[in-house]
Amino acid sequence: MASKRRTFLKCAAALAAGAAVGAAASPAPWDALRQLERREHSPPDLPHPPAGPLEHVDTVSAAGEFGTGIRVLTSGGRPMLVRANPENPLGRCGLPPADLEQVRALAHPGRLSVPLLKNSEGRLEPVAWSKALDLLAARLSEARGETLVVSQARESCGREVAAAFCAALVAGLGAGLGAAHAAMPSEVATAARAAALMGLTGTPGYDLDNARGLVLLGADAFGSMPASPHLRRAWASSRGREKQGKAYYFGPERGATAALCDAWVPLAAGKEATAALGLCWHLDALGLVRCEAPDLPEFLQLIRSRFTPELVHAATGLKPADLENAARVLADGGVLIAGAAYGSGADESTILAGLAANAFAGRLNRPGGVILVEGLPATPGAPAPSDDLLDRLRAVAQGERPAPKVLLLVEADPLVELPDGVLTARALSRMGFKACFADRLTASAAPCDLVLPAPMPLERQEDMRTPYGLAFPCLGLARSLLRPMGDCRHPADVLLEVASRLGLPGAGPSHQARQRALAVALEGEEGFVARGVEPWKVLAGEGRPAPEADPWRELQAGRLWCGPRIRSTVREGGFTLGSTLLAGATGPEASDLERPLTLLVRPAPEKLIPDGQGGALPSVRLNAATAKTLRLREGSRARLKGHSGGADVTVALDESVMDGHAVLTPTREQIYAIRAAMDSRPAGNGPARRWDACRATLEPA
């Protein structure tokens, strides 16, 4: 055997030598090798062949909430590839999948390219824009102001146009129920309300660039929060600089965020406020309190009487040593972030308790702590959303409130993005004429009477404002790099045209005019265009560069306007730790014997090109102990049941999920059925509802 092996190796060497001589004589193998090397070190094949000179265009991504600084490779004016822009402070953290797929999204097989109108048989068929707008104007006129306009959660000039359009309907078409504008619920609105309950203005931002430690209570800071890309980069770079301090994650699953921390401490969803106040008890016991709030005596009495280590352990299972370690990290220059497991769905009491803990340790409005970020200047005629969407839909579904005669969904998909799927569907079915702006036929667009196509991200101009979680206000501008490939129009332009057809006064300036006005308003702010300057270093006290004379020109060039500053954010009523509100919102929960399982839903990243697997059952992950209690096995089929529906799932054992919890990762096509098994719980101290977790049962099928 050894002799045969030596003979084989000699033959192989001779063949290799002959191949080398042949390769040296011919350039073809070297060309093939170069092509192979380039293919191995580059993204997938280009969506279309180059058709002109190659150029780079700096802009900002409008594919998500973060507003990543991107550099687009174009050929003959057509986008070819998207890369991160290292000259933009929000372009140094890698690109989320939605940003990378923007070029392919232009040729998505399911994108809408013409308006669609439901015919007498209930099918959507193409229709001309003129007919679509005439029909929409006529239905709005007949409704006499009884209209509900639902827009995206993200603040933008486009959302301001929707709000102004709604106000113009009330002024121009008269009474009735009155037109209402509601934004899709999000954690940013909940966080702003929680800050207001403490007498503060602005939205919490977390300065991980300057922090010396991190405590996460349920918050998916490195995964699904709007500012997650920057927070992840900031914490990784601070660890590279060997900063003092550790990171602790308290939550129901050891996911991507927990994996980037030093320790994962299991904490049931919904117990974050109790953990935050238990941490405050340890700050008090260690003599690390650095707060002078007027209600400090009441707050101390609350934590000393109701959040002792024994009581917190009984309510959450947390060991006193874990909370004591986290308290030391916070007091030594760390920051605490409280929120929902998957970036959305936390209630006000959770975020309020997290803010109170930061203030208690002296980490509020300090570099490396929580910074209350003031919003950008408002553009003319920009009313805020006036209605709570979840409460309105619930009231309409239950017959407690008359249904609007017209529903306008402005790039919003409530059937997919909201809990209580059955109630949401029932509420939408009771409404009159339904119109939807979307770039694809979403779950909420499919049952509408009129669907109006919107441009894809690279085909539109959008202002991208401070993502929730960032510690400094900023503004970027996503430019339109090409004309829409279909007969698409920006929803804001369509709403203004409909207002003109109806003769409505006060609809305000155009979408582009609002963006220009916003850039002009920035000239009076204490900000600058980030060019070779790190905003977080300015936030920590380094010199501030001189402001630009023409922010609009810089925004069009793909640069980022930043306003790092720490201002006095106390409202007229004074600052408070919220002791009274927290005392009423952190009582013991009633046990639910009928639905003993806590269900967490993490939507899977959307795939732009279908892979044919949308029909497979979603997988539910739970640990072996929970599966044994429920009499379930690996790979078995089970029936998930919620308050008003259910869905079939398959079981996957995963020890990264804590006891009594289950994690679902459905696709966008599957999530509607899952929403039927979810419910939202009213918050104890405000209109916000919590829906990052719900109670459910899981039974063998």
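Start at 1 with the first residue, then count along the sequence. The structure presented is a predicted model; accordingly, all values stated were derived computationally and were not measured.
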**Request:** Please report the shortest heavy-atom distance between Ala327 and Leu283, naming the atom on each side.
**Result:** O-CD2, 3.4 Å
**Charged N-O contact under 4.0 Å between Asp332 and Arg363** = no
**Complete:** For Leu539 and Pro367 the tightest heavy-atom approach is O-CG, 3.8 Å
**Asked** Side-chain contact, heavy-atom cut-off 4.5 Å: Asp347 with Thr350?
**Response** yes
**Item:** CZ-CD distance between Phe575 and Glu292, expressed to the nearest 0.5 angstrom
**Value:** 10.5 Å
**Request:** Verify, without hydrogens or angle tests, whether Asp262 (side chain) and Ala247 (backbone) share a donor-acceptor contact under 3.5 angstrom.
**Result:** yes
**Request:** Evaluate the side-chain proximity of Phe250 to Glu272: yes if any heavy-atom separation is below 4.5 Å, no if none is.
**Result:** no
**Prompt:** Can you name the closest pair of heavy atoms from His181 and Ala163 and give their distance?
**Reply:** ND1-CB, 3.3 Å
**Gap separating the CD1 atom of Ile337 from the CG atom of Leu217, nearest 0.5 angstrom** = 9.5 Å
**Asked** Among all residues two or more places apart in sequence or in another chain, which pass the salt bridge (Lys or Arg N to Asp or Glu O under 4.0 Å) test with Asp463?
**Response** Arg465
**side chain to side chain contact (heavy atoms under 4.5 Å, CB included) partner of Phe299, the single match among Cys291, Cys280, Pro294** = Cys280
**Message:** Using the rule side chain to side chain contact (heavy atoms under 4.5 Å, CB included), only one of Ile371, Val335, Leu372 pairs with Leu364; which is it?
**Reply:** Leu372
**Request:** State, yes or no, whether a side-chain contact exists between Leu470 and Leu90 at a heavy-atom distance under 4.5 Å.
**Result:** yes
**Asked** Yes or no on side-chain contact (heavy atoms from CB on, under 4.5 Å) for Thr576 and Leu581, after CA distance, side-chain angles and deciding distance?
**Response** CA-CA 10 Å; Thr576 171; Leu581 295 169; over 6 Å; no
Kindly list each side-chain donor-acceptor pair under 3.5 angstrom involving residues 316-324, sequence neighbours excluded, with atom names and distances?
| from | atom 1 | to | atom 2 | distance (Å) |
| --- | --- | --- | --- | --- |
| Thr316 | OG1 | Val312 | O | 2.7 |
| Thr316 | OG1 | Leu318 | N | 3.2 |
| Glu324 | OE2 | Arg328 | NH2 | 3.2 |

**Prompt:** Do NZ/NE/NH1/NH2 and the carboxylate oxygens of Asp654 and Arg621 come within less than 4.0 Å?
**Reply:** yes
**Request:** In sequence, state the C-alpha distance, the side-chain angles, and the governing distance for Leu698 and Val649, and then conclude on side-chain contact (heavy atoms from CB on, under 4.5 Å).
**Result:** CA-CA 9 Å; Leu698 194 61; Val649 297; 3.8 Å; yes
**Message:** Is any side-chain heavy atom of Pro96 closer than 4.5 Å to one of Thr68?
**Reply:** yes
**Request:** Test Tyr248 against Leu214 for side-chain contact (heavy atoms from CB on, under 4.5 Å), laying out the working first.
**Result:** CA-CA 6 Å; Tyr248 292 91; Leu214 177 63; over 6 Å; no
**Prompt:** Taking NZ, NE, NH1 and NH2 as the nitrogens, is one of them in Glu65 or Arg154 under 4.0 Å from a carboxylate oxygen of the other?
**Reply:** no
**Message:** I'd like to know if the side chain of Asp295 reaches the main chain of Leu577, judged simply by a donor and an acceptor atom lying under 3.5 Å from each other, with no hydrogens or angles considered.
**Reply:** yes
**4.5 Å side-chain heavy-atom contact, Leu389 and Pro185** = yes
**Message:** Under the criterion side-chain hydrogen bond (donor to acceptor under 3.5 Å, both in side chains), I'd like the reasoning laid out for Asp209 against His230: C-alpha separation, chi angles, the key distance, then a yes or no.
**Reply:** CA-CA 9 Å; Asp209 292 280; His230 179 80; 2.8 Å; yes
**Prompt:** Closest heavy-atom contact between Phe222 and Thr257?
**Reply:** N-OG1, 3.2 Å
**Prompt:** Roughly how far, to the nearest 0.5 Å, is CG of Leu653 from NZ of Lys628?
**Reply:** 12.5 Å
**Request:** Could you tell me whether Arg92 sits above the aromatic face of Trp536, with NZ or CZ closer than 6.0 angstrom to the six-membered ring centre and within 45 degrees of the axis?
**Result:** no
**Asked** So do the side chains of Arg695 and Leu599 get within less than 4.5 Å of each other, counting heavy atoms only?
**Response** no
**Request:** Quickly, which of Leu311, Thr308, Leu286 forms a side chain to side chain contact (heavy atoms under 4.5 Å, CB included) with Trp281? Name it, please.
**Result:** Thr308
**Prompt:** Are any non-hydrogen side-chain atoms of Glu187 and Ile351 less than 4.5 angstrom apart?
**Reply:** yes
**Message:** Treating Asp207 as the side-chain partner and Gly368 as the backbone partner, does any N or O pair qualify as donor plus acceptor under 3.5 Å?
**Reply:** yes
**Prompt:** Is the closest side-chain donor-acceptor distance between His661 and Asn623 under 3.5 Å?
**Reply:** no
**Message:** Evaluate Val620 against Leu640 for side-chain contact (heavy atoms from CB on, under 4.5 Å), listing each step before the verdict.
**Reply:** CA-CA 9 Å; Val620 60; Leu640 177 71; 5.9 Å; no
**Item:** Nearest heavy atoms of Phe472 and Cys562, plus distance in Å
**Value:** CE1-SG, 4.0 Å
**Complete:** Tightest non-hydrogen contact, residues Ala693 and Thr598, listed as CB-CG2, 3.8 Å
**Message:** So does Ser151 get a backbone contact from the side chain of Arg159, meaning a donor-acceptor N/O pair under 3.5 Å?
**Reply:** no
**Asked** Does the distance from a Lys or Arg side-chain N to an Asp or Glu carboxylate O, for Glu525 and Arg565, drop under 4.0 Å?
**Response** yes
**Prompt:** Given side chains that start at C-beta, do those of Cys93 and Arg232 come closer than 4.5 Å, heavy atoms only?
**Reply:** no
